[in-house]
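What follows is a short report on a single structure.
We count ligands from 1, going down the list as the structure has it; atoms in each ligand are counted the same way.
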Amino acid sequence: MFNTIYLLFLLLPVAFISGYFLGHKKPNNIKLDDKNIIPSDYIKGLNFLLNEQPDKAVQVFIDLLEVNEETVETHLALGHLFRRRGEVNRAIRIHQNLVERTSIEPEQRARAIYQLGQDYLSAGLLDRAEKLFNELMEQKPQTQAAMQRLIEIYQQEKDWAKAIEITKRLAMNTEQDYTKIIAHYYCEQAEQMLRYNEPNKAIKLTKKAIRVNTLCARASIIEGQVLVKMKKYKEALKAYQRVEHQNPELLPEVIEQIKQCYNQLDQNTKMRDYVFNVQSQYGGISLVLAWVDVLAKENSSSAEEFLIAYLKEKASVRAMDKLIDIKQIDSIGSAQDNLNIIKSVTTQLLKTKSHYQCHSCGFLANIYHWQCPSCKGWDTIESLHWVDGE
Ligand SMILES: [Zn+2]
């Protein structure tokens with residue numbers, strides 16, 4: 001309450017003065033008191049504030065401040081301030097008041113509509129915001145900003161078809177490259193089809209994604225998932241292996257699926273060669289551990305030797321955790337008890353640490369996200385390369 005009163009006391013006299021003196025005329029609805037030149041409505045507004053009726057006070061002050069070309073900026077600033085403070089209903093009233101005025105310039109009215117749309121977005125009234133931004137798309141100075149807000153709305157509503165349509169229009173209006181994002185929208189549609197048990201439609205959409213962005217590793221991963229479901233392991237393997245050329249950073253996300261496809265095809269030697277090659281070429285603890293698993297199935301001592309050599313070069317909690325697993329198989333008595341204690345420590349360490357981080361906003365995650373849940377950036381999440389990470 002104190003903050004609201006403070007804000008209004010601070011802003012409205014300024015607003016009044018700017019409206020009155022910059023306009024060089026007496027606003028129609030202001031009644032001046034002859035003795036002290038303070039409008040009686042201003043006193044009425046202050047009384048509402050003092051009686052803790054801020055909504056009535058805001059209405060009085062809005063009525064008091066005549067809208068004309070000179071005072072539009074003050075109205076917009078006040079509305080913006082209210083929204084930033086989370087007082088969205090008040091921001092809406094101020095912006096609605098502006099939008100209803102026919103006396104202001106079309107460009108100023110467009111800005112007021114844009115701000116009103118932002119208010120609706122903040123209030124979660126997506127359909128109203130969508131209507132306003134659609135209207136604004138046709139009005140030059142606000143076209144791009146309106147398109148960006150519409151895309152945000154369609155992302156929230158998971159209306160990917162509309163998101164694609166508007167993003168393509170936005171791409172034509174700017175120099176920026178939106179192909180990566182459009183490919184993600186096709187992938188979102190493909191995942192929807194996968195959930196609806198429509199594998200062929202899902203594959204068609206992944207192909208659209210790759211046509212838009214040949215480096216869309218996500219499309220290859222979805223295609224691999226669909227083909228595994230259809231038991232087409234040879235084609236699935238081909239799709240998963242494309243990830244290596246599209247974005248090798250994502251190989252840890254598919255290495256187990258690749259191994260499973262080779263197993264289904266009964267191609268153990270090829271699997272062995274593939275895993276060995278990718279771990280030696282790209283490194284990273286996930287690929288190294290995939291190779292250790294291959295070795296452990298053949299001979300536990302060679303897996304152990306490989307891990308010890310790796311740990312001498314690089315400190316890694318995940319490598320140590322795996323070494324304990326291998327050692328536990330043959331250990332007995334107090335040695336086994338000691339290993340169990342160390343294992344509980346590594347398990348705890350790995351459980352409490354995040355493995356991914358958004359390079360744009362710093363959001364930490366335990367699983368990979370294509371879109372950052374916090375800043376909504378696409379492809380901004382990366383593996384953490386530290387002692388208990390990748
Ligand atoms: Zn982020």
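Within the 3.5 Å criterion, the main-chain N or O of Arg169 finds a donor-acceptor partner in the side chain of Asn173.
Listed by chain and number, the residues in a salt bridge (Lys or Arg N to Asp or Glu O under 4.0 Å) with Glu244 amount to none (sequence neighbours excluded). Shown here are the salt bridge (Lys or Arg N to Asp or Glu O under 4.0 Å) partners of Glu298, two or more places apart in sequence or in another chain: Arg272.
By the 6.0 Å and 45° rule, Arg128 stacks over the aromatic ring of Tyr120.
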Could you pull out all donor-acceptor pairs under 3.5 Å where a side-chain atom in residues 359-374 meets a protein atom, sequence neighbours excluded?
from: Gln371; atom 1: NE2; to: Gln155; atom 2: OE1; distance (Å): 2.6
from: Gln371; atom 1: NE2; to: Lys376; atom 2: O; distance (Å): 3.1

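Near-neighbour remark for the Zn ion (ligand 1): protein N, O or S atoms under 2.8 Å are Cys358 SG, Cys361 SG, Cys372 SG, Cys375 SG; waters not counted.
Shown here is Lys343, whose NZ atom has more than 12 heavy atoms of other residues, nucleotides or ligands within 6.0 Å.
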